[in-house]
Protein chains: 2
Amino acid sequence: MKKKERHHLLRQLVQQETIQKQEDFVEILLNRGIDITQATISRDIKEMQLIKVPSQSGGYHYSLPPEMNFNISKKISRLMKDAFVSIDTQKEFVIIKTLPGNAFALGTLIETANYEEMFGCISGDNSVLIICRSEDQAEIFQRRMISFV
Amino acid sequence: MKKKERHHLLRQLVQQETIQKQEDFVEILLNRGIDITQATISRDIKEMQLIKVPSQSGGYHYSLPPEMNFNISKKISRLMKDAFVSIDTQKEFVIIKTLPGNAFALGTLIETANYEEMFGCISGDNSVLIICRSEDQAEIFQRRMISFV
DNA sequence: GCTGAATAAAAATTCAAT
DNA sequence: ATTGAATTTTTATTCAGC
């Protein structure tokens, strides 16, 4: 496996899984039959400018470079401005209504952004349902979304 | 000195100086007569969610949390959309013209954002002069600014 | 150039004290 | 609740091999 491919994979992993330390990368890659050491991951992280973020939930996790996240946020912001209809919470759930045909795109972006307070996210044609980690977190998430509009 | 004050100070420092490691914080605080250990800085960083960013220039430096930077970027974006007139480069210099009275605010924001490629920044009434680290970096900075508009 | 093994360096945590 | 000293854990780098 070439370095470029690995970087690509790391980029995916960091969005899908919660990577708390470099050894997590090593293990996941090992499970996939890719044999690589922490030293290499450290170098990859430096090159890709991944960052280790102290998370609200107490631990740490690796994340995409701030710039990239900024770009994702910009996209969300644009889409929210264009297609947002309404938002509401109930318990730990948040539902965002959009103009028809826009929810899926929004859901994908939200998943990519991988917000702390989010547990899961599914989207249909004109609504995105976000399941948060708690009732409080749902509030926080709602505020976050509103701030985009 | 209370923890809150220290956090406030760290927030300033991280924007003004280039902090490469936690010991840098310790030293700077010591110079100011504040006696604190790396352990405490580590805890502060966790609470404040400061991140260690692999910088383009090869090293690492601590930075404000992505969200905060995002907010700054949003402000810059808004101001650029409102008050931007023109931008040009010459050697390692970039000059941004704004509507009268807006340059100072823009300059302040740009300084806060503390971009890699920037060496220094001064602003008057309707123009901001940014001195970059090289001719190439000036190009990069120019593109960055244009992308806000 | 890229990598792993070993090591150094840096950062996080534990533990005890306040 | 906050901290420093000591320690552990994690991360970065060096060095040798390819």
Side-chain angles (χ1 to χ4, degrees), chain A residues 1-69 116, chain B residues 1-69 116:
Chain A
M1 165 172 258
K2 300 281 173 291
K3 188 167 74 163
K4 272 214 172 173
E5 297 177 65
R6 195 179 58 239
H7 280 197
H8 195 76
L9 181 54
L10 294 186
R11 195 124 40 209
Q12 281 186 272
L13 284 178
V14 92
Q15 289 172 268
Q16 289 160 8
E17 322 273 335
T18 301
I19 311 282
Q20 297 183 294
K21 51 186 190 190
Q22 300 184 356
E23 288 292 347
D24 291 349
F25 277 124
V26 178
E27 279 186 42
I28 294 174
L29 291 206
L30 196 60
N31 286 341
R32 304 199 182 192
I34 301 160
D35 204 342
I36 210 76
T37 58
Q38 175 267 327
T40 300
I41 296 293
S42 172
R43 287 181 284 244
D44 286 347
I45 284 171
K46 186 171 189 174
E47 285 178 49
M48 302 169 67
Q49 297 186 260
L50 299 186
I51 55 175
K52 190 183 179 186
V53 186
S55 44
Q56 300 175 313
S57 30
Y60 298 84
H61 71 272
Y62 278 92
S63 156
L64 293 181
E67 298 251 334
M68 267 195 176
N69 279 318
E116 286 288 330
Chain B
M1 163 172 259
K2 300 280 174 290
K3 188 166 74 163
K4 272 213 173 174
E5 298 176 65
R6 195 179 56 240
H7 280 196
H8 195 76
L9 182 53
L10 294 187
R11 195 126 38 212
Q12 281 187 273
L13 284 178
V14 92
Q15 290 171 268
Q16 290 161 8
E17 322 273 335
T18 300
I19 312 282
Q20 297 183 293
K21 52 187 191 192
Q22 300 185 355
E23 288 290 349
D24 290 350
F25 278 122
V26 178
E27 279 186 42
I28 293 174
L29 292 205
L30 195 60
N31 285 341
R32 303 197 180 194
I34 302 159
D35 205 341
I36 210 74
T37 58
Q38 175 266 327
T40 299
I41 295 294
S42 172
R43 287 182 283 245
D44 286 345
I45 284 172
K46 186 170 189 173
E47 285 176 50
M48 304 169 65
Q49 298 187 259
L50 299 188
I51 55 175
K52 190 185 179 187
V53 185
S55 45
Q56 301 176 312
S57 30
Y60 298 83
H61 70 272
Y62 278 92
S63 157
L64 292 181
E67 299 250 336
M68 267 197 175
N69 279 318
E116 286 288 332

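Protein chains get the first letters and strands the later ones, always in sequence-line order, with residue 1 at the start of each.
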Atom [atom1] of [X] and atom [atom2] of [Y]: how far apart are they, to the nearest 0.5 Å?
| X | Y | atom1 | atom2 | result |
| --- | --- | --- | --- | --- |
| B:Asp35 | B:Leu29 | CG | CG | 9.5 Å |
| B:Glu17 | B:Glu27 | CD | CD | 11.5 Å |
| B:Leu50 | B:His7 | CG | NE2 | 8.5 Å |

Using a heavy-atom distance cut-off of less than 4.0 Å, which residues of residues 5-16 of chain B contact DNA chain D?
->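 Heavy-atom cutoff 4.0 Å gives B:Arg6.
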
Counting only non-hydrogen atoms, which of residues 22-47 of chain B are less than 4.0 Å from DNA chain D?
-> B:Asp35, B:Ile36, B:Thr37, B:Ala39, B:Thr40, B:Arg43

Kindly say if B:Tyr60 contacts the phosphate of C:dA9, meaning a side-chain N or O under 4.0 Å from OP1 or OP2.
-> no

Under 4.0 Å between a side-chain N/O of B:Lys21 and OP1 or OP2 of C:dA9, yes or no?
->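 For B:Lys21, the contact criterion (side-chain N or O under 4.0 Å from OP1 or OP2 of C:dA9) is not met.
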
Once you round it to whole Å, what is the distance between P of C:dT3 and NZ of A:Lys4?
->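 It works out to 14 Å between those atoms.
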
A:Lys52 atom NZ is separated from C:dA9 atom P, nearest whole Å, by 19 Å

So, B:Lys46 side chain and A:Gly58 main chain: donor-acceptor pair closer than 3.5 Å or not?
-> yes

Shortest non-hydrogen contact from B:Ser55 toward B:Tyr60 | OG-N, 3.8 Å

Pick from B:Ile36, B:Asp44, B:Leu30, B:Leu10: which one makes a side chain to side chain contact (heavy atoms under 4.5 Å, CB included) with B:Phe25?
->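 Running side chain to side chain contact (heavy atoms under 4.5 Å, CB included) over B:Ile36, B:Asp44, B:Leu30, B:Leu10 with B:Phe25 returns exactly one hit, B:Leu10.
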
Nearest to the side chain of A:Tyr62, which nucleotide is it out of D:dT2, C:dA11, D:dT11?
-> D:dT11

